Amino acid sequence: MDRRYSVLFILKGLLWFIIPVGFVGWLLGYFWATLAIALTALAAWHYYYQYKLVDWLWHRRTMLPPSAPGSWSYIYDGIYRTQRRSQQRRRALARLLRRFREASEAIPDAAIVFRKDGSLIWCNKLGQFYFGLKWPADTGIRLSNLIRYPEFIAYLQQGDFREDIHLPSPVREDIELEIRVMPYSDDQFLLMARDVTQLKQLEQMRKDFVANVSHELKTPLTVLQGYLEMLDEPADLPPTMMKKAVTDMQAQSDRMRNLVDQLLSLSRMDVHRSDIFDRVADIPKLIAAVEQDAQRLNHDKQHTISFDVAPIKIHGIEDEMRSAISNLVANAIHYTQAGGQIKVTWKMAVGGDIEFSVQDNGPGIPAEHVGRLTERFYRVDKDRNSKKGGSGLGLAIVQQALEHHHSRLNIDSVVGRGSKFSFRISEELVIRD
């Protein structure tokens, strides 16, 4: 109903009420008195429906308007329609905000919106996780009061956001964050932070890898080069020196070959992603082959080695499990003093899991080294020229293989009392006949 029609409708209602009342009053000779009474009654009638309108708008929770005759029915209906449209717009806005928040939570980065003065407007859940923020409780508080890193505060104050910065998480120091700030209005900025911890670790691993491989190859290459220079004049060398040169070169050649083989093994494991439930690892048969290799390694050491193997197979990658088991057994033979005792077991453990262990009575490992033994190229004996100095990759191979089987290496060692290396395979991977 347009405004002109509404006015005409109200005037029409008034005329239809006043004219009959005035005519009756004129017939009775009380025109003005009757007219005054009629106007008073009309005002009271309108005031009543005005009161119902106010009561409906302010005190009633129902959306439906009260019933009213005449022009008030159009007023009530118009207000009701306006409320419905407003409610629909609010619902559409709420849906839009909900979709925006869902989209912001799906972003794999922390997102923080703040004003030019640094006061917080909004942040997603990752922003709360990485920075310890509490939204909406922290709304309006300056970021410099919430993230109290001098580098970050200086970064905000300088206002030059062309370059990103790297900071540790204020609440999780093991997480490295890359922070970028982007203005998107005159007074608002968007801060994005992503976890670059793994990238930093990979970069450091790459640097360490290059440095360690270079160092590992330097010693055998130096030995080979030295002997080759001596062999320029083989007639001048005594037979004993010639024999020693050939023996040492062969040993250094074997050392480099073993290093390359272990690096290739680690590389294959790094990219291996096959489903272990599609494969079967016959561990008893595998351990039997390792036992034969152990007897050959044990020729000089003369250890007493016992094997206690339960006939249990698992779902897994047999080559990787063989690498893990053979490395643990070989280490026990290599590092235990001559005539030692080594016990190898593969048996059921409490809870339904199955456990593999290698226990020896060797010299043991100092506690400060135990936590780092599975790092690549880490060795207790730092002397690469010593007879005991390995490549530092054996236990890294073990750990990598076990991770593919949802397991981890446990090391229990006491100096002077020996060591026990063990791992458990979950009962979900055990094949039951």
Side-chain angles (χ1 to χ4, degrees), residues 94 96-209 270 367-376 378 396 399-400 402-404 406-411 426:
L96 180 63
L97 288 174
R98 185 170 61 252
R99 287 196 295 270
F100 167 75
R101 289 180 179 174
E102 290 173 352
S104 67
E105 298 300 345
I107 298 174
D109 298 334
I112 299 175
V113 178
F114 63 96
R115 292 189 177 90
K116 191 173 184 179
D117 62 359
S119 57
L120 176 67
I121 297 176
W122 171 86
C123 68
N124 64 358
K125 290 182 179 178
L126 273 179
Q128 300 174 51
F129 177 79
Y130 287 154
F131 295 99
L133 304 178
K134 297 179 181 179
W135 187 84
D138 289 338
T139 303
I141 301 178
R142 293 177 182 268
L143 286 180
S144 57
N145 293 330
L146 298 171
I147 306 173
R148 305 183 68 87
Y149 276 122
E151 299 90 339
F152 179 73
I153 296 173
Y155 182 66
L156 289 182
Q157 290 176 348
Q158 71 180 5
D160 184 5
F161 303 126
R162 288 174 295 180
E163 301 291 336
D164 54 34
I165 62 171
H166 290 253
L167 293 174
S169 168
V171 292
R172 293 170 175 82
E173 295 184 356
D174 58 325
I175 296 179
E176 182 83 8
L177 298 175
E178 179 189 74
I179 297 175
R180 294 165 293 162
V181 176
M182 295 153 285
Y184 68 94
S185 71
D186 294 337
D187 187 47
Q188 293 184 355
F189 295 83
L190 175 64
L191 183 151
M192 301 292 293
R194 66 178 182 133
D195 184 356
V196 293
T197 307
Q198 189 174 13
L199 294 177
K200 287 285 186 180
Q201 292 175 345
L202 290 174
E203 178 64 18
Q204 188 61 43
M205 287 175 60
R206 183 189 66 81
K207 293 179 181 179
D208 293 342
F209 176 80
D270 284 338
E368 63 269 21
H369 296 292
V370 171
R372 301 188 60 189
L373 287 179
T374 57
E375 295 180 13
R376 298 184 182 187
Y378 185 84
Q399 184 65 19
Q400 189 77 0
L402 295 181
E403 287 178 357
H404 290 170
H406 311 294
S407 183
R408 61 186 300 271
L409 181 63
N410 298 310
I411 304 173
S426 174

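Bear in mind that the values here come from a model prediction, so they are computed numbers and not experimental data.
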Novice: Considering all heavy atoms of both residues, which atom of L190 and which atom of A111 are nearest to each other, and what is their separation?
Specialist: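 Scanning both residues completely, I find the closest heavy atoms to be CD1-CB, 4.3 Å.
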Novice: Can you list everything that forms a side-chain hydrogen bond (donor to acceptor under 3.5 Å, both in side chains) with D164? Sequence neighbours excluded, please.
Specialist: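 Not a single residue meets the side-chain hydrogen bond (donor to acceptor under 3.5 Å, both in side chains) criterion with D164.
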Novice: Can you name the closest pair of heavy atoms from I147 and P170 and give their distance?
Specialist: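 What the structure gives for the nearest pair is CG2-CG, 3.9 Å.
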Novice: Keeping to residues at least two apart or across chains, list the salt bridge (Lys or Arg N to Asp or Glu O under 4.0 Å) pairs with something in residues 112-121.
Specialist: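 Checked against salt bridge (Lys or Arg N to Asp or Glu O under 4.0 Å) - neighbours excluded - no pair reaches residues 112-121.
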Novice: Going from CG on L409 to CG on L373, what distance comes out if it is rounded to the nearest 0.5 angstrom?
Specialist: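 It is 8.5 Å, given to the nearest 0.5 Å.
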Novice: So do the side chains of I112 and W135 get within less than 4.5 Å of each other, counting heavy atoms only?
Specialist: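 Of all side-chain heavy-atom pairs linking W135 with I112, none is under 4.5 Å.
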Novice: Measuring from Q188:CD to M182:CE, what's the distance to the nearest 0.5 Å?
Specialist: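 One finds 13.5 Å between CD of Q188 and CE of M182.
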Novice: Any idea which heavy atoms bring A137 and I141 closest together, and the distance?
Specialist: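 Scanning both residues, the minimum pair turns out to be O-CD1, 4.5 Å.
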Novice: Tell me the closest heavy-atom pair linking V196 and L177, and the distance in Å.
Specialist: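 Shortest heavy-atom separation between V196 and L177 comes out as CG2-C, 4.1 Å.
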Novice: Please identify each residue that fulfils salt bridge (charged side-chain N to carboxylate O under 4.0 Å, His left out) with E375, with sequence neighbours left out.
Specialist: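 E375 satisfies salt bridge (charged side-chain N to carboxylate O under 4.0 Å, His left out) with R372 once adjacent residues are dropped.
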Novice: Roughly how far, to the nearest 0.5 Å, is CG of L126 from CG of L133?
Specialist: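 Between atom CG of L133 and atom CG of L126 there are 11.5 Å.
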Novice: Check side-chain contact (heavy atoms from CB on, under 4.5 Å) between D195 and all other residues, then give those that pass, not counting sequence neighbours.
Specialist: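 Partners of D195 under the side-chain contact (heavy atoms from CB on, under 4.5 Å) test: Y130, I175, T197.
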Novice: Can you check whether Q128 reaches K134 side chain to side chain, under 4.5 Å on heavy atoms?
Specialist: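 Not in contact.
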Novice: Under the side-chain contact (heavy atoms from CB on, under 4.5 Å) rule, collect the residues that match up with H406, sequence neighbours excluded.
Specialist: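 Residues passing side-chain contact (heavy atoms from CB on, under 4.5 Å) with H406: I276.
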Novice: Listed by chain and number, what are the side-chain contact (heavy atoms from CB on, under 4.5 Å) partners of I153, not counting sequence neighbours?
Specialist: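 Partners of I153 under the side-chain contact (heavy atoms from CB on, under 4.5 Å) test: S144, Q157.
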Novice: Which residue pairs pass the salt bridge (Lys or Arg N to Asp or Glu O under 4.0 Å) test with at least one member in residues 151-160, sequence neighbours excluded?
Specialist: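 Residue pairs with at least one partner in residues 151-160: D160-R162.
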Novice: Just how far is it from atom CD of E178 to atom CZ of R194, taken to the nearest 0.5 Å?
Specialist: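 Here the rounded value is 4.0 Å.
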Novice: Provide the closest heavy-atom pair for F114 versus L120 in the form atom of the first, atom of the second, distance.
Specialist: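 That closest heavy-atom pairing would be CB-CA, 4.3 Å.
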Novice: So, do F131 and I179 sit near enough that their side-chain heavy atoms are less than 4.5 Å apart?
Specialist: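 Yes, their side chains come closer than 4.5 Å.
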Novice: Who passes side-chain hydrogen bond (donor to acceptor under 3.5 Å, both in side chains) against E176, sequence neighbours left out?
Specialist: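 Residues passing side-chain hydrogen bond (donor to acceptor under 3.5 Å, both in side chains) with E176: none at all.
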Novice: Tell me every residue that passes side-chain contact (heavy atoms from CB on, under 4.5 Å) with V370, counting only those two or more places apart in sequence or in another chain.
Specialist: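 Checked V370 against side-chain contact (heavy atoms from CB on, under 4.5 Å); matches are I365, I411.
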Novice: Got a second to check how far R180's CZ is from D109's CG, nearest 0.5 Å?
Specialist: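 Between R180 CZ and D109 CG, I get 6.0 Å after rounding to 0.5 Å.
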Novice: Using the ring pair (Phe, Tyr, Trp, His ring centres under 6.0 Å) criterion, which residues pair with F161? Sequence neighbours excluded.
Specialist: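 Residues passing ring pair (Phe, Tyr, Trp, His ring centres under 6.0 Å) with F161: Y155, F189.
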Novice: Considering non-hydrogen atoms only, spot the tightest contact between R408 and L402 and give its length.
Specialist: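 Nearest heavy atoms, R408 then L402: C-CD1, 3.8 Å.
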